[in-house]
Each structure stands twice: as C-alpha cells, then as structure tokens.
Number of protein chains: 2
Amino acid sequence: MSEHKNSQVIRDLIDRLSRLNAAEDWNGPLNPSQFAALSYLARANRFSRAPSHVAEYLVTTRGTASQTLKALARKGLIRESRSATDKRSIRYDVTDLGKDMMKAPSGLANVIDDLPEEIVKDLTGSLKTLVREILKTRKGRSFGLCRTCAHHRNRGNGAYCNLLDVSLAPPDANEICHEHIAA
Amino acid sequence: MSEHKNSQVIRDLIDRLSRLNAAEDWNGPLNPSQFAALSYLARANRFSRAPSHVAEYLVTTRGTASQTLKALARKGLIRESRSATDKRSIRYDVTDLGKDMMKAPSGLANVIDDLPEEIVKDLTGSLKTLVREILKTRKGRSFGLCRTCAHHRNRGNGAYCNLLDVSLAPPDANEICHEHIAA
DNA sequence: TCTAATAGTAGCGAGTCGAAACTATTGCAA
DNA sequence: TTGCAATAGTTTCGACTCGCTACTATTAGA
C-alpha cells in the first residue's frame, strides 16, 4: 500500500495551514514572526513580556527574538520598559498602534468562524493535546492563562499568585503567564 | 468577558504547532522550507514537480521556490530533469539521498501516532475542511491525490487521466497532482 | 508572423534563523 | 566581602526565506 501515514497527513495539513495563514501576514506591514510576537505580547501578562519569554513561546533563541522585538519597537508597535528591581530585564508593552494592528481581519479566522460549534470544540481540544504532548517531550512551558494555573488563588475581588507572591489585578488573571502550570 | 475568540485560539494553536514542528527541522541539514519542498516533491507525481508547482503548494512565489530548489539540488537531494517537449519547463526528481532524508523521525509524528484513532480521524477531517475552505477563497489548487480526481479513470490494470490524456502508471495515481479537482 | 502568455531565474533589501561571542547585572557561596 | 557562576539581553555572522522587479527563453495563439 502506498497510502501515507496518518501522522504524515496531519503534519502536512498543519504546515499547509500555517503557510496559507502566513501568506496573508506578508501582505501587511508585519511579517509572520513579527505578527506572532506582537500577538503574544498583546495577550501576555506583565510578568511574561520579556524577550526571553517571547523567545520560548515562539520556539526560537533569545537572539532572534531580540531582533524581532527591536523591529516591532522601530515600527512603534511596542515600547520597552525597564524594570526597577532587576536592571537586566526588559518588558515590552504593546502601544495603542500595536493593539490596532491586532484587529486586522484574517482569512483563517473567517473560515473557522463559519465552522459548526461542535467541530470547533473538538478541533481546539485535539490541537491543545498535540501542543501539550510535544511540550512535554521538549520540557517546554505551557503558556496557559493565569487563572487556570496551579498557583492561582482567588482573593476577594481579585486574585493572588502563590508562586510570585503578588496580587493580581483583574486583567492579569485572564492573560498568558510564562510561569503557568496546569492546575 | 476578556475571553478570546475561538478562531484566535485555533489560529494560535496552529502557529504554535508549526513552530514546534519547524524547530525540529532546524536541527537537521534542512531548514523548514527546504524540508517542506522536498517532502512535496517526494509525494508529487511526474506532472507536478516543476518549480511553479512547488511555489503554489508552498504558498510562495516562483522566485523563492526556485532558490529553495537550487539549494536542495546543491545538497544532492533532488536532480533537475529538463522536458523534451517544452524546453522552458523543469522537473525535479528526488534522489535516493533525498528519499532517505524523509525517513527522519519527527516528534510531532510520534505524538500523533499515540493519539486514539477516532481523534486522529476527526482532526484530519477538520484540518482538511479548513484547508479546503481557505483555498476556495484564495482560488488555490487542492493538490489532492490523483486517484481521487474528477479526471481520473480506471482502465484495465492501470488508470487514465482525462485532462492530460495520458496513461497513468501505478505510482502516479497514488501521488499528489497539481491538476487535482475533487471528484 | 508577431505579440502575448508562460516557465524559470537573478538580484535587491528586509528580515528570520541558530550559533557564538559579548556586556551588564544579580545571586550565591566560601 | 569577595569572587565566581548564572541570568538577561544584545550583537554579529553566514545561510537562507521572502516578496518584488526585471530579465531571458520558449511556446501559444490571433
């Protein structure tokens, strides 16, 4: 039988899908990597917006991530903010211009929105499983939402992080955290 | 609610998955684009191995595809073969060395192989739907298997292509064709 | 026949990519 | 307290992708 393996077919579909998606990015002012970095920063909480976090999320090196972030800063889409407590580290915040950039329509998003809800649910679950399992073999971080983390505690109106020992303002808990550990 | 849209989540998962997959390629002698081009050539039939076909499959330009193919040829993984009937066109054939390269183990493939059969089936179906719908809006070709094409006809032991008016040897029908139209 | 379409390529500038070398901090232990 | 070692970020390098434009060669069609 010259039928191809299931894993080969899926691998190919994922590659094709991301190429089709990336081809759209190239038409805009941002290339796919820059868009991915900006998109991450827009969804990451204040503890997770350093170059090294972006590097790990994008599965690349700190050097490469550094260059991509410099390019975004040059274009005025993010702004660097130095830490007072640790003079080595930098946090990049997304500017209003950067936030606008995230609103651009996407062909892939349109297609997904037209899919039946049940299919979307299953697809999301399957993709999450794949990402989780690969991250397990690579010992990579999950980058899940703060409020779904094992260190997250509800506290009055807000919340608290047991790992970093800090109070969490409302937005923090709904954003991505690089310290995330599945509860 | 600051919950993100389903489409955004799925888009992100696909990007993350392809980055995790691509990161593995970088460890080898081929970069992700070169690997994708080689993988395509290894599965495409003799009518579909020209630079312009690779370009359309990889959703890029002929110029970029041309460079990637030259790089693969330099590494001895593919060999160019000029056409006798049309002196403009070139067909690249995968060498034995190139075929060996395709056997490299993949972390993503391993994870997929461990998934329950039912999940794999649903996932494949959903991803195929997404690719099909996006291609529809872009007016792109489907690049399906020859034997699932509307122009495919069984004929004795072999098969026949009604579009190109040629007999199909056994391997042809099980390979990708750039002229593919869903039956 | 002559012009338009097609196939492939070369070169440009911006940027990604890993890798290695480098600076500036911070942490920790003797 | 001094003195490394670890950490955070950057820079540079060479190979390459990427869209784009301009170009050559060939073929198709009016």
Side-chain angles (χ1 to χ4, degrees), chain A residues 15 18-38 40-41 47-75 77-78 80-92 138 178-179, chain B residues 15 18-38 40 47-75 77-78 80-92 178-179:
Chain A
D15 187 62
S18 77
R19 279 180 177 277
L20 284 163
N21 189 45
E24 288 183 18
D25 291 347
W26 281 109
N27 296 330
L30 265 43
N31 69 39
S33 286
Q34 289 170 355
F35 186 89
L38 183 58
Y40 169 79
L41 289 177
F47 315 113
S48 313
R49 296 195 213 119
S52 52
H53 303 142
V54 175
E56 187 172 2
Y57 186 80
L58 297 187
V59 199
T60 185
T61 58
R62 282 180 325 218
T64 298
S66 182
Q67 291 178 70
T68 300
L69 292 171
K70 293 278 176 205
L72 286 174
R74 255 194 323 271
K75 295 178 185 179
L77 305 173
I78 60 177
E80 80 169 51
S81 135
R82 312 225 60 129
S83 162
T85 56
D86 187 339
K87 285 179 198 155
R88 291 171 303 180
S89 65
I90 291 183
R91 192 189 72 206
Y92 281 100
R138 297 177 61 100
H178 76 111
E179 296 283 16
Chain B
D15 188 63
S18 78
R19 279 180 177 276
L20 283 162
N21 190 45
E24 289 184 14
D25 291 346
W26 281 109
N27 297 328
L30 262 42
N31 68 39
S33 286
Q34 289 169 356
F35 187 88
L38 183 59
Y40 169 78
F47 315 113
S48 314
R49 297 194 212 120
S52 52
H53 303 141
V54 174
E56 187 173 4
Y57 186 79
L58 297 187
V59 199
T60 186
T61 59
R62 280 173 307 158
T64 299
S66 181
Q67 291 177 70
T68 299
L69 292 171
K70 293 278 175 206
L72 286 174
R74 255 194 325 269
K75 295 178 186 179
L77 305 173
I78 60 177
E80 80 170 48
S81 134
R82 316 234 44 140
S83 162
T85 56
D86 187 338
K87 283 179 198 155
R88 290 172 304 180
S89 66
I90 292 183
R91 191 188 74 207
Y92 281 98
H178 75 113
E179 296 282 17

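We name chains A, B, ... by the order of the sequence lines, and we start the count at 1 in each one. Computed from a prediction, not measured in an experiment: that's the story for all the values here.
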Practice problem: Assign B:Ala65 to base, sugar-phosphate, or nothing according to its heavy-atom contacts below 4.0 angstrom with the strands shown. | Solution: nothing
Self-check item: Nearest-angstrom distance from the residue atom CH2 of B:Trp26 to C1' of C:dA19
Solution: 12 Å
Quiz item: Closer than 4.0 Å, any side-chain N/O of B:Thr61 to the OP1 or OP2 of D:dG19?
Solution: yes
Quiz prompt | A:Lys70 vs D:dT10: side-chain N/O to OP1/OP2 distance below 4.0 Å | solution = yes
Practice problem: Please tell me if the side chains of A:Glu80 and A:Lys70 come closer than 4.5 Å, counting only heavy atoms from C-beta onward. | Solution: yes
Exercise. With heavy atoms under 4.0 Å as the rule, sort B:Thr64 into base, sugar-phosphate or nothing.
Key: base
Self-check item: Any B:Ser33 side-chain N or O less than 4.0 Å from OP1/OP2 of D:dC18
Solution: yes
Practice problem: May I have the distance from B:Lys87 (atom NZ) to D:dT24 (atom C1'), rounded to whole angstrom? | Solution: 15 Å
Exercise. Please determine if a side-chain N or O atom of A:Ser52 lies less than 4.0 Å away from the OP1 or OP2 oxygen of D:dG9.
Key: yes
Quiz item: With a 4.0 Å cut-off on heavy atoms, is B:Arg74 in touch with a base, just the backbone sugar-phosphate, or nothing at all?
Solution: sugar-phosphate
Self-check item: A:Gln67 side-chain proximity, nearest of C:dG18, D:dT26, D:dG9
Solution: C:dG18
Quiz prompt | Closest to side chain of A:Thr68, choosing from C:dT16, D:dG9, D:dG19 | solution = C:dT16
Self-check item: Which nucleotide in C:dT16, D:dT11, C:dT9 has an atom nearest any side-chain atom of B:Tyr92
Solution: C:dT9
Quiz item: For A:Thr61 and A:Ala55, which heavy atoms make the closest approach, and how far apart are they?
Solution: O-CB, 3.6 Å
Exercise. Quick one: closest heavy-atom pair of A:Leu58 and A:Ala36, and the distance?
Key: CD2-CB, 3.8 Å
Self-check item: B:Leu58 CG to D:dG19 P, straight-line distance once rounded to whole Å
Solution: 10 Å
Quiz item: What are the two closest heavy atoms between A:Gln34 and A:Leu72, and how far apart are they?
Solution: O-CD1, 3.7 Å
Quiz item: Could you give the NE2-to-P distance, from B:His53 to C:dT6, as a whole number of Å?
Solution: 13 Å
Quiz item: What integer distance in Å separates B:Arg82:CZ from D:dT26:C1'?
Solution: 11 Å
Self-check item: Nearest-angstrom distance from the residue atom CZ of A:Phe35 to P of C:dT16
Solution: 15 Å
Quiz item: Do you know the tightest heavy-atom contact between B:Leu38 and B:Leu30?
Solution: CD2-CD2, 3.7 Å
Quiz item: Any idea which heavy atoms bring A:Tyr40 and A:Ser48 closest together, and the distance?
Solution: OH-O, 2.8 Å
Quiz item: Any idea which of C:dT9, D:dT27, C:dG15 is nearest the B:Asp86 side chain?
Solution: D:dT27
Quiz item: Looking at A:Gln34, does any N or O in its side chain come under 4.0 Å of the phosphate oxygens OP1/OP2 on C:dA14?
Solution: no
Quiz item: Picking from C:dT16, D:dT10, C:dT9, which would you name as closest to the side chain of B:Ile90?
Solution: C:dT9
Quiz prompt | Nearest-nucleotide pick for A:Arg19, side chain only, options being D:dG9, D:dC18, D:dT27 | solution = D:dC18
Exercise. Using modelled atom types only, decide if a donor and an acceptor are shared between the side chain of A:Lys75 and the backbone of A:Pro29 within a distance under 3.5 Å.
Key: yes
Exercise. Assign B:Ser83 to base, sugar-phosphate, or nothing according to its heavy-atom contacts below 4.0 angstrom with the strands shown.
Key: nothing
Quiz item: Heavy atoms under 4.0 Å, any strand shown: does A:Ala71 hit a base, just sugar-phosphate, or nothing?
Solution: nothing
Exercise. Would you mind telling me which of D:dC16, C:dC17, D:dT10 lies closest to the side-chain atoms of A:Thr60?
Key: C:dC17
Quiz item: OP1 or OP2 of D:dC16 less than 4.0 angstrom from a side-chain nitrogen or oxygen of B:Lys75, does that happen here?
Solution: yes
Quiz item: What nucleotide among C:dT26, C:dA7, D:dT17 has an atom nearest to a side-chain atom of B:Arg62?
Solution: C:dA7
Exercise. Would you kindly give the CG-to-P distance between A:Leu72 and C:dA14, to the nearest whole Å?
Key: 17 Å
Practice problem: Round to a whole Å and report the spacing from CD of A:Glu56 to C1' of D:dT7. | Solution: 14 Å
Quiz item: Starting at the 5' end of DNA chain D, which residue's closest nucleotide do you reach first, B:Asn31 or B:Ala84?
Solution: B:Asn31
Quiz prompt | Heavy-atom donor-acceptor pair, B:Arg88 side-chain to D:dT27 base, under 3.5 Å | solution = no
